[in-house]
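Worksheet: the structure to be examined is printed underneath.
Chain A is the first sequence line, chain B the second, and so forth, proteins listed ahead of strands; every chain is numbered from 1.
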Number of protein chains: 2
Amino acid sequence: MKMTRKQQDDFIAQCRAAGLSVTHQRLAIFEAVMANGNRHPSAEVIYQTVRERYPTISFNTIYKNLETFEELGIVVKVNPLYNEARYDVDVRPHHHLICRQCKTIVDVHDKKLDALPAPEEAGGGFQVENWTVQFTGLCAECQPVAVG
Amino acid sequence: MKMTRKQQDDFIAQCRAAGLSVTHQRLAIFEAVMANGNRHPSAEVIYQTVRERYPTISFNTIYKNLETFEELGIVVKVNPLYNEARYDVDVRPHHHLICRQCKTIVDVHDKKLDALPAPEEAGGGFQVENWTVQFTGLCAECQPVAVG
DNA sequence: ATTCTTGCAAACGGTTTGCACATAC
DNA sequence: GTATGTGCAAACCGTTTGCAAGAAT
């Protein structure tokens, strides 16, 4: 999963368009993100990958750049509620509205959504036990003060 | 959202059936969980709620009991990937298989799932921007060694 | 020359662990 | 009396911040 020349050029163009400096670190982090594309990597994974080539790189640089990449739309967080465990008393299968700003979670019980088909190809013997639809967006309170 | 006598009795029965001691703390935590049912509370929220009645209760006790409640099936974690941010290079709308054991995430692109209807009642003016289906279960590697 | 980025170190917040004391059974 | 649960404190881990030194433009 090596980065092509075109991917690199596109990335550089994207940086310039956004007014971002093109540093070796930033390029290496982008390459590491691409190289780990199918693994849904954490910052730690990116850090370890980049460190193979730049042993002195700082964790901070990884974090700052992942944040930057997200603003650019190059990557997206799989788990918006990554910072603390949240519990649900409703153990029946149902769905969630998640406000990306204030992290409010609202339950959704919708008949139409209950007719969801299982995924056709369950990714290499994956045994599905449960599923839920996560709607992300902005709650009523956060819409006026939204950033991004 | 006060707990009914029946709910309390059921809870006590459930504890006894599982061989768990019925402590004041455990009861109070259960009641706090129920009282915050629609808020999808974090451990901190539960802690603050219980502390109003038991000011000396320990955070540790909250954690241990939330864990216990999850094993009993009384509560469920909304966000299995709560401990660290995970990034996705694929920014197109798609879906995920998440292994509850090893936290592996596998992308799912499925035509059938793309025809998902928006929720009928968008919970008080919630503005939906995106959505994704999260299938949870066990990956092929974890099925033989699964706990729970 | 100026602006943006990096690296270091320290703080932070949520989570988890070890162990002595207390409680439920 | 024994097994289980609690409270305290400290460790832990991922994340975030402040700031001086360095690199990109």
Side-chain angles (χ1 to χ4, degrees), chain A residues 8 11-32 40-51 53-72 74-75 77-87 102-103 147, chain B residues 8 11-32 40-51 53-72 74-75 77-87 103:
Chain A
Q8 182 167 328
F11 175 69
I12 291 172
Q14 206 166 0
C15 285
R16 295 218 195 283
L20 296 172
S21 301
V22 181
T23 63
H24 300 124
Q25 291 91 332
R26 185 162 282 154
L27 257 168
I29 293 169
F30 176 70
E31 188 166 337
H40 305 80
S42 63
E44 173 71 24
V45 167
I46 301 298
Y47 178 55
Q48 295 303 341
T49 304
V50 176
R51 228 157 58 117
R53 188 147 39 111
Y54 294 88
T56 65
I57 199 166
S58 153
F59 223 107
N60 186 334
T61 304
I62 307 290
Y63 269 89
K64 282 268 173 57
N65 275 290
L66 286 174
E67 195 177 310
T68 304
F69 291 173
E70 198 175 17
E71 285 163 12
L72 255 62
I74 293 176
V75 299
K77 277 201 192 75
V78 175
N79 48 347
L81 303 173
Y82 66 93
N83 62 151
E84 62 177 4
R86 299 283 292 271
Y87 293 90
C102 70
K103 311 300 183 192
V147 290
Chain B
Q8 182 168 327
F11 175 70
I12 292 172
Q14 206 165 1
C15 285
R16 296 218 195 283
L20 296 172
S21 301
V22 181
T23 62
H24 299 125
Q25 291 91 333
R26 184 163 284 155
L27 258 168
I29 293 170
F30 176 70
E31 188 166 338
H40 305 80
S42 62
E44 173 70 24
V45 168
I46 301 299
Y47 177 55
Q48 295 303 340
T49 303
V50 176
R51 230 156 59 116
R53 187 143 43 107
Y54 294 88
T56 64
I57 199 166
S58 153
F59 223 107
N60 187 334
T61 304
I62 307 291
Y63 269 90
K64 282 268 173 59
N65 276 290
L66 285 175
E67 194 176 312
T68 303
F69 291 173
E70 198 175 16
E71 285 163 12
L72 256 61
I74 292 175
V75 300
K77 276 201 193 76
V78 175
N79 49 348
L81 303 173
Y82 67 92
N83 62 152
E84 61 177 5
R86 299 283 293 271
Y87 293 90
K103 311 301 184 191

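Rounded to whole Å, atom C1' of C:dA22 lies 14 Å from atom CD1 of B:I57. In this structure, the CG atom of B:N60 is 10 Å from the P atom of C:dT17, given to the nearest Å. Rounded to whole angstrom, the span from the CG atom of B:N83 across to the C1' atom of D:dC12 amounts to 12 Å. One interatomic measurement links the two molecules: CD1 of B:I62 to P of C:dT16, which rounds to 14 Å at whole-angstrom precision. Put simply, CZ on B:F30 is 17 Å from P on D:dG5, counting in whole angstrom units. We find that CZ of A:F59 is positioned 12 Å from P of D:dC13, with the value rounded to whole Å. In this structure, CG of A:L27 is placed 15 Å from C1' of D:dT25, rounded to the nearest angstrom. The distance between atom NZ of B:K64 and atom P of D:dA3, rounded to the nearest whole Å, is 18 Å.
Interatomic distance, B:T68 OG1 to B:F30 CZ, rounded to the nearest 0.5 Å: 13.5 Å. Considering CG of B:N65 and CD of B:Q25, their distance stands at 8.5 Å, rounded to 0.5 Å.
Closest to the side chain of B:S21, from the set D:dT25, D:dT4, D:dG7, is D:dT4. Side-chain proximity of A:R26 to the nucleotides C:dT5, D:dG5, C:dG7 is greatest for C:dT5. Taking every side-chain heavy atom of B:R16 into account, C:dC25 is the closest of C:dA24, C:dT6, C:dC25. Checking C:dG7, D:dA24, D:dT6 against every side-chain atom of A:H24, the shortest atom distance belongs to D:dA24. Closest to the side chain of A:E84, out of C:dA24, C:dG7, C:dG14, is C:dG14.
Between A:Q25 and D:dA23 there is no side-chain polar atom (N or O) within less than 4.0 angstrom of OP1 or OP2. Note on B:N65: a side-chain N or O is less than 4.0 Å away from OP1 or OP2 of D:dT6. Here A:T23 reaches the OP1 or OP2 of C:dT6: one of its side-chain N or O atoms lies under 4.0 Å away.
Contact between A:S58 and A:Y47 at its shortest, heavy atoms only, is C-CE1, 4.1 Å.
For the pair B:N79 and A:N79, the minimum side-chain heavy-atom distance is 4.5 Å or more.
Each of B:A85 and B:L20 has a nearest nucleotide on DNA chain D; the 5'-most of these lies closest to B:L20. Both B:E44 and A:T61 sit near DNA chain C, but only A:T61 has its closest nucleotide nearer the 5' end.
Residue A:S58 is in base contact, counting any heavy-atom pair closer than 4.0 Å across all strands shown. Using a 4.0 Å heavy-atom distance criterion, A:T56 is classed as a sugar-phosphate-only contact.
Taking the charged nitrogens against the carboxylate oxygens, A:R53 and A:E31 do have a contact shorter than 4.0 Å, which makes a salt bridge.
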